[in-house]
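We number each residue from 1, following the sequence as shown. Computed from heavy atoms alone, side chains included, the values below leave out hydrogens, waters and symmetry copies.
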Amino acid sequence: MLMPETDLGYKVTHLSLNTDGSSLLLAGSHNISILYVHERVSEDGDKVICRTVPVASQILPSNNDGIKVLQTSWHPFSSSHFGVLTSDAVFRLFDLSFDLEQPEQEFYLQPILPGKCQNASSICPVAFSYGSDHLWDRFSVFILFSDGSIFVLCPIVPFGSDYNKKHIQEIYEDVNSFGLKSSNQNVVTNSRLAIAWLEATFPDLSRQPADNSALMSRAHPYASLDDSLTLQGPLCRVCEENNEPESKSNSCEGKAVGFVYSSVGKDSILVTAWGSGQLQIDALADEIQPQWSIGIPTRLNVDSHGQIKSVAMICDSNSEDSWAMRSYRPSSTGSNVKSNTDAVWMGHSPPLLRLAIVDLALAKTSNDSSLSLFLDPLVPERFYCAHGGGLDMVTLHFLPFSYPEMASTPPSVHPILTTGNNEANSPFLSGFVTIADAYGHVQLVSITCPGECFVVEMKGWKEPTPLQLDIDSKSIKDVESFTTGMISKELIAGPDPPIVPSSSSLRSLTPDSIEGKSTLHHYIKVFHEYYVEYGHKVFIELKEHGDYLKTEIEDKQKRLQAVKQSLLSIEAKDQDINNRINRAFKVYNLLEKRIEGFKILPAANKKPLSQAEQEFKAQLDRFADVELDALRSSITALSARMKRFAHPAIGSAAGTGMSTWQTPKVGRSHVSDSQMSLLKSSLEKLSLLNEENNVKLRLIEHELKNQEQ
């Protein structure tokens, strides 16, 4: 485990190893550091403390405010140079072997002309990508802005980097053959600037070296003092004959969030990732050419010996360039060859040819999704896209200059890993790298945000179909011929015998003669060398495939053991599963019996009350709660009054000798006989009514209890 020498003090969002594996680039949102893998300070068990130094601490703020690091990446043609794109629209190229604080080259990007007001998103850079090993693309840097526009800086070369001398010579001869012989003055001027840059950057081109065995040419520091590079772009699409605007089906939504360049055969492919989950795939319809802005000086920093130490320049865009490309149309079959030759060195940006738009069908979110693009190290037609929902592999089948016959075949998308995360805007991977081994396989190694690491192995460019064996129709010889297909056919066929002259020419020679001995010795030597060479090839072939076969056999054995363990586990769990199934059936039967028992209950067949019944029930409840209480209080009051009137009447009857209900003759009569009889009859009726109401009340309560049950 590699650990930095000191605490970085920030969250690392990007890791990148240079080409020779000696330096590790650590980048955060506002900080950059370099960890030297081979410069170890101390070791503590599995932990190795390596020397770590900050980069550009004077440019980047220490309080995490202001300038933000958008992207960092090592240069593919140098192990000590890496580029940094910051939010202030400046692209910087640093050299670890010279200075860690000040950049070697600075390019201040001006995508719009002064005084021209445009959308603010058009001046916000997002990402960049280096060109690959193809003509002037190897000296180009492609820069993506948030509105999807693509700009190009060419030529840019790290000081002291090495390039293939044959490729440089090819570009140099191309400029001299087409540019200087043109009748157009702009073509000649642009060609002279390109030739001057090539001769100053690679002095070997203008010399006549005595030894032509040198394969590489080293780039020397150079920059034109009076001219600066032009920010070519934005790259426009090839105009159709009808000159119709781009439809919504061919446009992407959201803002651009990722970018990558790939060189496939004769094609240069540009892939743009959008926040809506779409991938825009374009191809350059023409070659990249260098372009300078005449009259805009470059700032040079030289040492005491006159050698250039650093370069800084302002790169303005050319408005005439974009208008010229908007009227660009593909050349017809009968076009003039001379006009095509002049167009090669006119200095215009190449147009884009739309290949496809791939919709990854990510979940729609309020914010744009986070997408990252990675190239396949072995198959240039293939790249990977990491997002919040997982990891997808995209393969291109149609390329306009390499595979024109596949024009109707769209790109294929294969999901490699699915996370099941619906929030596609949340990042999924904190680190991702593609590793190619010696057997033509690619391993995808990644670290997720929770800290988990996974490895996915991609075997081969085209997976072979499974072998289908038919014992009745195929012989053992056929099966053996298929299994030996891993070895090359030349070794299986055996060595071709050397050419031996006809026997008639050898019959005239005797073994004892000098000529015969010489001829015999010669052919013995030829046969020996030839078969020894064949044996050496066989040894190398078997040695290379020995480890591969061993790995494959071990893999198959591990898979076989895993299958056996799974079968044993299934057999051990079979009885338990059967018992659980039997218990489940018993519980099911018990539940069915209980349901049948519930159906027998009287309340099971009762229907719910209708609206009229519900209203009647409400009236009864109101009568039970209010009117019965009032009736009972009235009965109680009448009973008390009856007793009060009855007691005085009984006492007066006993003193006078009159009957009980007979009023006395003397004195005032309070209640007459008729009133008394009426009161008795009323009291009896109230008693009967009270009993009936009590009976009804009991019936109502009984019905309510039945309904509740």
[X] side chain to [Y] side chain, donor-acceptor N/O pair below 3.5 angstrom:
{"X": "D137", "Y": "S268", "value": "yes"}
{"X": "Q443", "Y": "T434", "value": "no"}
{"X": "S263", "Y": "D267", "value": "no"}
{"X": "D20", "Y": "N18", "value": "yes"}
{"X": "Y384", "Y": "D392", "value": "no"}

Inset, instruction - Name the orientation class of the two ring planes belonging to F202 and F139 (parallel below 30°, tilted from 30 to 60°, perpendicular beyond 60°). - result: tilted
Inset, instruction - On the 0 to 90° scale, with breaks at 30° and 60°, tag the Y130-H75 ring pair as parallel, tilted or perpendicular. - result: tilted
Inset, instruction - State whether D303 and K309 are salt-bridged, where the test is any N-O pair (Lys NZ or Arg NE/NH1/NH2 against Asp/Glu carboxylate O) under 4.0 Å. - result: no
How many angstroms lie between atom [atom1] of [X] and atom [atom2] of [Y], to the nearest 0.5 angstrom?
{"X": "E287", "Y": "I171", "atom1": "CD", "atom2": "CD1", "result": "9.5 Å"}
{"X": "S276", "Y": "L371", "atom1": "OG", "atom2": "CG", "result": "8.5 Å"}
{"X": "L225", "Y": "M313", "atom1": "CG", "atom2": "CE", "result": "10.5 Å"}
{"X": "Y108", "Y": "S228", "atom1": "OH", "atom2": "OG", "result": "13.0 Å"}

Inset, instruction - Have a look at I150 and tell me which of Y261, F259, F145 forms a side-chain contact (heavy atoms from CB on, under 4.5 Å) with it. - result: F259
Legend entry - Identified side-chain contact (heavy atoms from CB on, under 4.5 Å) partner of I32 from the options I59, L60, L26: L60
Legend entry - side chain to side chain donor-acceptor pair (under 3.5 Å) involving D162 - partner list, sequence neighbours excluded: R218
Legend entry - For T86, all residues meeting side chain to side chain donor-acceptor pair (under 3.5 Å), sequence neighbours excluded: D88, R92
Legend entry - Enclosure of I314 CD1 (heavy-atom neighbours >12, cutoff 6.0 Å): no
Under a 3.5 Å distance rule, please check whether [X] uses its side chain to pair with a backbone N or O of [Y] as donor and acceptor.
{"X": "S129", "Y": "V260", "value": "no"}
{"X": "Q105", "Y": "V157", "value": "yes"}
{"X": "Q71", "Y": "F128", "value": "yes"}
{"X": "T13", "Y": "A27", "value": "yes"}

Inset, instruction - Using the side-chain contact (heavy atoms from CB on, under 4.5 Å) rule, take Q58 and E101 through it: C-alpha gap first, then chi angles, then the decisive distance, then the call. - result: CA-CA 7 Å; Q58 299 179 2; E101 293 296 334; 3.7 Å; yes
